[in-house]
**Student:** 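Encoded as structure tokens, here's the structure I'll be asking about.
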Amino acid sequence: MSDEAVDVLIIGSGHSGGMAAKVLTEKGISCLMLNAGPVAEAHKDAEVKPVYALPFRGFMPPGKLPHVFQSNEFNANTWVDEKEVPYTYDAEHPYNWVRVRLFGGRSLFWSRQSFRLSDYEFKGKSHDGYGDDWPIGLADLASYYARVEEIFRVTGHTDGLPQYPDGNFVPDNEPWSGSMQRLIEAGKKMNVPVCKARSSMGVNGLASSVNLLLPDALATGKLQAIPNVVVRELSVDKKTGLVNEAHFVDRISRREMSVKARVVVLAAGTLESTRLLLNSKLANSSGVMGHYLIDQIYGAGIVCSVPEARDGKGTRELMGGGALIPRFRNIDTKAKDFIRGYALNLYSNQHGVDPKHFAEYGAKLQDKLDSYYGSGFSIGIMGEVLARYENRVSIDKTVADAWGTPALHIQTRYTENEFNMARDAVDTAVALAESAGFEVLTKNYDPNPPGYSIHELGTCRMGNDPRTSVLNKWNQSHDIKNLFVVDGSAFVSSGWQNPTMTILALAMRSSEFLAEQMRTSNV
Amino acid sequence: MEVKPLELTTLVPDAVAQTEAHFFNEVETQTLRRFCQVLMPPLKGFPGALDADAPEFLDFLVGVSPRPRQQMYLAGLEQLDADARKKFNVPFAKVTDDQADELIRPWLRAWMSDHAPAEPHARFINLAHSDIRKATVNSQAWSDAARAAGRAETDQDLYWYPIDPDLRRETGTALRRPATTAGPV
């Protein structure tokens, strides 16, 4: 109907798209947001049910979501079904691509751990010689982090560690539980800092684009949004070389449509933004698009029991609370068989211990479960995966999604650096737990498959040199100046940190830059 | 005209009906039943796996599962039965509790989610144990027992229905178009 171009077309509605919409509309710029999935509303799409009334008694529907370990029968319908949006990989190197296409994307479900990257990440190459430095450092991003932390109400404690940069926190002055104090003492003996974790409180337990970002954008009257439209391709004006149109499919009717735009902001999530650009054959004069897929190692860790908390003695003073051990390897010393580092997540639990952690059955197992109830303590890794050229995605022309758009082929694998890091993390966790007097019930050295962390990053990395990077330091395409990619695709390295705060800070910074460029007619 | 909502309290079928088991043969079914009975007997007022119809439910679940899970169960049940006949000259369905312990205990492991043991029989013993517990604890019989014991109901959660389901998916194969096609036709 309309042939008039919108000012800014934003593709994706998660944290990065929501932030772009908020920043741009508040500066008076009209935005149109396209989202591939529907708007979920608990009052119409969901119902409280007992597990026995579900179709599969709480088991995952067989064959559904084989790569989404986080799913369960209650939430199975909220994830992207890989039969609908398939991807391919070599059989010996599987990848867990975990996606949500509901309005708000994965911001509806994230774990809310909220960290800044430090210059050990931004300037990793300068520190240890590996990979590439980011074109920006913590100083460039600090003020944006502070504003994001304010919006998301990040609770935390000021620790003064350079590898764990402090932020604009709602102070966390909760006293440590006794079990955590024992772990802290064990850490001191091993020179391992045990800190408060940092977490987005959000509002009413939700720290999502849909409640913290999009309402502000909508309040300006400058944001329009269309759900259930799957963008398949962007095209450029042949005269100017600028991107000027998006072609999409109505998800339910399959009607093909297009919309013109002056500026396109991609915020579809790391691999979907890259897939769209690769399918569009745009913005890749460097040839590095799709390369340097990064994520983080999860899954290696231990489960223990605090003996003094057993048999009903697990009081609130003794048990409960979480903690975080920020990276401590390869800061001032050098680990023997890996570079970079990992963090450890610690949880002191007041609920039941998982029966899997006991090699028992029947009445003896029940006795264990009763005795150990409320004494569990777990430690798990969040480790940096190195950025490597050969870990990459490309278009698989033999497979298409339900709307006919070619699928992504993902080639990635962990190497000795990741496996050695995981081993060190588990051995360190065991040493800490034993020093604290805990009983180690079980441990696991094997990382989950790549992608499991849901922290896929890179593939459109930023840099100063257009020959070796896709985006400049403002998340703007080197090749096409009215094209921005504001999600995790821009990352140069992953660090061990949950990337959400960094994605949000980069999206805010990039969007403000874009608004200024539009005001001065540079874009 | 106002339409009054139907005042109807519905049942889940398990409350009154039996699952018609089709997948496992007679020997496998009897092996599975004994395995369930040993691993999860009724305890402290809570139903055991047999009371919760765990074997029948697992017959259904495994029967509609991808091939690897089916093969794991078939091979695992066969080995349990073969081990019982070899060691005690009885089918697994007839082993005593002590004999069952001798056959099962060597394979038990303490493990972490998503990292079940790799050796095939240990994998079966531990994953099937986990499945049997889940089928039992998630049953209505268990829920009723928990309520009777005055325990807080922990078995409820928000269940998401398919949201704006894509109806076309059910009817036809995916459209395919070459990657080189530029925009809509």
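Just so it is clear, the model here is predicted, and its values are computed rather than measured. These values consider heavy atoms only, across backbone and side chains, with no hydrogens, waters or symmetry-generated copies. Letters go in sequence order (proteins before strands), and every chain restarts at 1.
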**Student:** Using non-hydrogen atoms only, which part of B:Asp14 is less than 4.5 Å away from chain A: side chain, backbone, both, or neither?
**Tutor:** side chain
**Student:** Given a strict heavy-atom distance threshold of 4.5 Å, which part of A:Ala76 is in contact with chain B: side chain, backbone, both, or neither?
**Tutor:** neither
**Student:** Contact part of A:Leu278 toward chain B, heavy-atom cut-off under 4.5 Å: side chain, backbone, both or neither?
**Tutor:** neither
**Student:** Could you check which of B:Ser139, B:Ala141, B:Pro41 has the highest count of heavy-atom pairs closer than 4.5 Å to chain A?
**Tutor:** B:Ser139
**Student:** Which atoms of A:Pro447 come close to chain B, meaning under 4.5 Å heavy atom to heavy atom: side chain ones, backbone ones, both, or neither?
**Tutor:** backbone
**Student:** Flag the pair A:Arg232 / A:Phe248 as yes when at least one side-chain heavy-atom distance between them is below 4.5 Å, and no otherwise.
**Tutor:** no
**Student:** B:Trp142 vs B:Phe46 aromatic rings, parallel, tilted or perpendicular, using cut-offs 30° and 60°?
**Tutor:** tilted
**Student:** If we define contacts as heavy-atom pairs under 4.5 Å, which of A:Gly37, A:Ser280, A:Gly58, A:Ser378 has the most with chain B?
**Tutor:** A:Gly58
**Student:** Could you tell me which portion of A:Asp370 (side chain, backbone, both or neither) has an atom closer than 4.5 angstrom to a non-hydrogen atom of chain B?
**Tutor:** side chain
**Student:** Measuring heavy-atom distances to chain A, does B:Arg133 have an atom under 4.5 Å in its side chain, in its backbone, in both, or in neither?
**Tutor:** side chain
**Student:** Mark yes or no: A:Arg423 above the aromatic ring of A:Tyr445, with NZ or CZ under 6.0 Å from the six-membered ring centre and no more than 45 degrees from the axis.
**Tutor:** yes
**Student:** What part of A:Asn72 gets closer than 4.5 Å to chain B, counting heavy atoms only: side chain, backbone, both or neither?
**Tutor:** neither
**Student:** Tell me, for A:Leu54 versus chain B, whether the close heavy atoms (under 4.5 Å) come from the side chain, the backbone, both or neither.
**Tutor:** side chain
**Student:** For the pair B:Asp81 and B:Arg85, find out whether any cationic side-chain nitrogen is under 4.0 Å from an anionic carboxylate oxygen.
**Tutor:** yes
**Student:** Does A:Lys49 pair with A:Glu73 as a salt bridge, N-O distance under 4.0 Å?
**Tutor:** no
**Student:** Pick one of side chain, backbone, both or neither for B:Ser113, based on which atoms fall under 4.5 Å of a heavy atom in chain A.
**Tutor:** both
**Student:** Is it the backbone or the side chain of B:Phe57 that comes under 4.5 Å from a heavy atom of chain A, or both, or neither?
**Tutor:** side chain
**Student:** Taking side chain as everything from C-beta outward and backbone as N, CA, C, O, which of these in B:Ser130 sits under 4.5 Å from a heavy atom of chain A? Side chain, backbone, both or neither.
**Tutor:** side chain
**Student:** Sort out for me which of A:Phe56, A:Phe358, A:Phe69, A:Phe59 touches chain B most, counting heavy-atom pairs under 4.5 Å.
**Tutor:** A:Phe59
**Student:** Using side-chain heavy atoms (C-beta onward) and a distance below 4.5 Å, is A:Tyr87 in contact with A:Glu82?
**Tutor:** yes
**Student:** Using 0.5 Å steps for rounding, measure from the NE2 atom of A:His409 to the NZ atom of A:Lys397.
**Tutor:** 13.5 Å
**Student:** Ion pair present between A:Lys260 and A:Asp237, side-chain N to carboxylate O less than 4.0 angstrom?
**Tutor:** no
**Student:** Taking every heavy-atom pair that is under 4.5 Å apart, which of B:Leu108, B:Val38, B:Leu158 has the most such pairs with chain A?
**Tutor:** B:Leu158
**Student:** For each of A:Gln366, A:Lys443, A:Glu47, tally heavy-atom pairs with chain B at distances under 4.5 Å, and name the one with the top tally.
**Tutor:** A:Glu47
**Student:** Under 4.5 Å, counting heavy-atom pairs only, tell me which of B:Arg69, B:Met40, B:Lys44 racks up the most with chain A.
**Tutor:** B:Lys44
**Student:** Can you tell whether the side chains of A:Lys368 and A:Glu360 come within less than 4.0 Å, N to carboxylate O?
**Tutor:** no
**Student:** Using non-hydrogen atoms and a 4.5 Å limit, figure out which bit of A:Leu365 sits close to chain B: side chain, backbone, both or neither.
**Tutor:** side chain
**Student:** Relative to chain A, which segment of B:Ile163 carries a heavy atom at a distance below 4.5 Å: side chain, backbone, both, or neither?
**Tutor:** both
**Student:** Strictly below 4.0 Å, N to O, side chains only: are B:Asp101 and B:Arg105 in salt-bridge contact?
**Tutor:** yes
**Student:** For A:Asp354, is it the side chain, the backbone, both or neither that has a heavy atom under 4.5 Å from a heavy atom of chain B?
**Tutor:** side chain
**Student:** Are the charged groups of B:Asp144 and B:Arg147 less than 4.0 angstrom apart, N to O?
**Tutor:** yes
**Student:** Measure from the side-chain N and O atoms of B:Gln70 to the backbone N and O of B:Val62, and report whether any donor-acceptor pair falls under 3.5 Å.
**Tutor:** yes
